[in-house]
*Asks:* 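Following this message is one structure expressed as structure tokens.
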2 protein chains.
Amino acid sequence: MKPTSFQTWQSVQGEVLRRIHSREWAPGAAIPNEADLAQEFGCARSTVNRALQSLADSGLLERRRKAGTRVSAQPVTKATLEIAVIRHEVEAKGEKYGYRLIERSICRPPIATSGAMQLDPSKKLLFVSALHLANDAPYAFEERWINPAAVPAALDEAFESISANEWLLEHVPYTSGEIAFSAVAAPQETASILGCAQDCAVLAVDRLTRDAQVSVTKVRVLFRPNHQLRTNL
Amino acid sequence: MKPTSFQTWQSVQGEVLRRIHSREWAPGAAIPNEADLAQEFGCARSTVNRALQSLADSGLLERRRKAGTRVSAQPVTKATLEIAVIRHEVEAKGEKYGYRLIERSICRPPIATSGAMQLDPSKKLLFVSALHLANDAPYAFEERWINPAAVPAALDEAFESISANEWLLEHVPYTSGEIAFSAVAAPQETASILGCAQDCAVLAVDRLTRDAQVSVTKVRVLFRPNHQLRTNL
DNA sequence: ATAATTATTATGTACGTACATATTATTGTC
DNA sequence: GACAATAATATGTACGTACATAATAATTAT
């Protein structure tokens with residue numbers, strides 16, 4: 001006689017997972033409602049609720065009021081990537097971090113940039129490009145546009161000893177935005193900075209950051225060749 | 001007099017976010033404990049708990065028993081990418097999906113593959129490569145190793161009308177594993193399949209899937225040039 | 001002083017009740 | 001049969017109490 005009692009939401013989740021996994025509850029099929037499960041498991045409905053909500057969150061279950069809960073027919077895997085400050089990323093690998101400012105200027109951005117940032121194309125922005133190093137070798141090249149209207153203090157910062165990456169996180173943390181990952185061929189200039197061949201395939205991370213609707217910064221980070229972003233599922 | 005009452009966990013979360021954002025609660029600083037906040041907000045502690053847990057989950061707060069809750073000094077942004085079946089991904093873009101099997105064979109994998117899958121290198125695996133099309137143009141090229149010991153049924157499937165991608169999701173869903181994103185130069189053969197220049201920079205997604213500790217499949221998907229994976233933060 | 005023990009404290013979570021809300025099913029009306 | 005009003009139902013969430021657990025602080029023993 002196995003213990004048919006599950007009194008923590010994690011154990012309930014485990015049992016539900018087991019049933020899904022063993023196909024006791026088939027893909028697409030409806031599962032019993034929370035009240036019935038609570039009775040079967042010998043716990044409160046709120047405990048079952050917590051477990052099921054967590055599974056719905058990770059995409060394994062689909063829940064709708066009145067309609068009930070069913071196993072996702074084609075679950076969409078969700079991969080969560082942690083985007084840390086580059087210095088921390090490097091140090092976490094056990095490598096020595098280095099930073100070098102390449103350019104800092106105030107100028108009008110390309111139309112594409114002002115458009116993406118939803119800013120007046122005639123307004124000048126702060127441009128900062130820099131190289132992040134790991135064990136003295138190029139690690140990532142960062143090209144960034146900063147909207148001085150959103151962070152005036154940035155105009156007083158030289159970005160010679162601290163990266164814009166880190167400075168911004170310290171001055172306007174907790175922002176929202178969009179992020180995109182792609183592969184690009186390193187342009188000649190970038191390639192020479194990163195120390196790789198021209199048109200070498202490098203991973204690009206493009207990120208637009210907003211602070212309460214207004215664009216703060218837009219950045220493209222190009223990593224050294226063969227860089228991988230990894231995570232567990 | 002503003003409403004100092006917050007009686008849903010979302011509104012509590014909103015107020016906490018506001019205070020973090022306005023630096024009323026500075027980065028790194030401790031915030032009042034749940035009981036005090038509950039009293040201030042005029043709600044139950046469990047409501048505050050739900051709100052704070054959710055924020056801790058997204059990396060904005062750090063919580064430790066007895067030590068209390070503090071605002072993360074350097075929050076780690078978490079980007080969640082949804083990895084759907086490629087057919088769905090294409091259809092969601094409003095493009096017509098197409099599929100073409102390129103190769104299907106049973107052979108011994110390279111050492112690197114059997115190693116990553118933690119399998120005996122001498123055991124033969126099922127190899128399937130295929131092309132996914134969007135509006136009749138190459139969209140993504142998939143090279144996959146499948147462990148027949150984990151999914152014997154795969155040996156009976158030709159993968160001519162259904163991609164291994166989709167077949168596996170249907171036959172062994174709810175698996176765990178690892179995923180990695182990188183940029184690679186398209187090898188000559190791949191380039192000709194994808195219809196791009198040799199050594200063209202393409203986004204690679206490498207994924208290892210396990211079903212209860214045992215490796216089921218290892219796949220590399222190369223997307224058409226300029227493909228982007230994007231998400232909101 | 002240092003180490004081991006004990007108290008204290010904040011978060012973590014279970015429970016059961018109550019009510020809100022979204023969605024579906026049913027009934028009534030034309 | 002089409003459509004609107006109404007009932008039924010499963011999930012969503014708030015509340016307050018109780019206790020568990022982890023981490024720290026205070027105390028005691030050596």
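A note on names: the letters A, B, ... follow the listed sequences, proteins ahead of strands, and every chain is numbered from 1. Note that this is a predicted model, so its numbers are computed, not measured.
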*Asks:* Round to the nearest Å and state the distance from B:E34 atom CD to D:dA14 atom P.
*Replies:*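 Rounded to the whole Å, the gap is 14 Å.
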
*Asks:* Under the rule for salt bridge (Lys or Arg N to Asp or Glu O under 4.0 Å), what residues qualify as partners of A:E142, not counting sequence neighbours?
*Replies:*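 Per chain and number, A:E142 pairs via salt bridge (Lys or Arg N to Asp or Glu O under 4.0 Å) with A:R144.
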
*Asks:* Where the side chain of B:T8 is defined as all heavy atoms beyond and including C-beta, which of C:dT11, D:dT11, D:dA14 is the nearest nucleotide?
*Replies:*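 Nearest nucleotide to the side chain: D:dA14.
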
*Asks:* Would you mind reading off the distance between B:R50 atom CZ and D:dA14 atom P, rounded to a whole angstrom?
*Replies:*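 So the two atoms are 7 Å apart, to the nearest Å.
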
*Asks:* Check the distance between D:dT11's C1' and A:L61's CG and give it to me in whole angstrom.
*Replies:*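 Whole-Å distance recorded here is 13 Å.
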
*Asks:* Take atom CZ of A:F6 and atom P of C:dT13, then tell me their distance rounded to the nearest Å.
*Replies:*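 Result: 18 Å.
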
*Asks:* Can you tell me how far CD of A:Q53 sits from CZ of A:R50, rounded to the nearest 0.5 angstrom?
*Replies:*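 The CZ atom of A:R50 sits 8.5 Å away from the CD atom of A:Q53.
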
*Asks:* Do B:L37 and B:C43 have side chains that get closer than 4.5 Å, going by heavy atoms?
*Replies:* no

*Asks:* How about B:I31 and B:R70: do any of their side-chain heavy atoms sit closer than 4.5 Å?
*Replies:* no

*Asks:* Would you say D:dT13 has OP1 or OP2 under 4.0 Å from some side-chain N or O of B:Q10?
*Replies:* yes

*Asks:* Whole angstrom is fine here: how far is it from CD in B:Q53 over to P in D:dT13?
*Replies:* 14 Å

*Asks:* With nearest nucleotide decided by heavy atoms, which residue, B:R63 or A:T47, maps closer to the 5′ end of DNA chain C?
*Replies:*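 Closer to the 5' end of DNA chain C: B:R63.
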
*Asks:* Whole angstrom is fine here: how far is it from CG in B:L52 over to C1' in C:dT13?
*Replies:* 15 Å

*Asks:* Does OP1 or OP2 of C:dG12 have a side-chain N or O of B:N49 closer than 4.0 Å?
*Replies:* yes

*Asks:* Nearest-Å distance, CD (B:Q39) to P (C:dA10)?
*Replies:* 14 Å

*Asks:* Heavy-atom count around B:R100 CZ within 6.0 Å, excluding the residue itself: above 12?
*Replies:*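 Count not over threshold, so no.
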
*Asks:* Report the distance from atom CG of A:N33 to atom P of C:dT23, rounded to the nearest whole Å.
*Replies:* 18 Å

*Asks:* Do A:H21 and B:D211 have a side chain donor and acceptor closer than 3.5 Å?
*Replies:*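 Indeed, the side chains of A:H21 and B:D211 share at least one donor-acceptor pair under 3.5 Å.
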
*Asks:* Between B:F223 and B:Y139, what is the ring plane arrangement, given parallel below 30°, perpendicular above 60°, and tilted in between?
*Replies:*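 Correct class here is perpendicular.
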
*Asks:* Quick one: is B:T69 getting a side-chain N or O under 4.0 Å of the C:dA10 phosphate, OP1 or OP2?
*Replies:* no

*Asks:* Which letters describe nucleotides 17-26 of chain D, given B = protein heavy atom under 4.0 Å from base, S = only from sugar-phosphate, - = neither?
*Replies:* -B--BBBB--

*Asks:* Assuming nearest nucleotide by heavy-atom distance, tell me which of A:A44 and B:I31 is located more 5' along DNA chain C.
*Replies:*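 Comparing both residues, the 5'-ward one is B:I31.
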
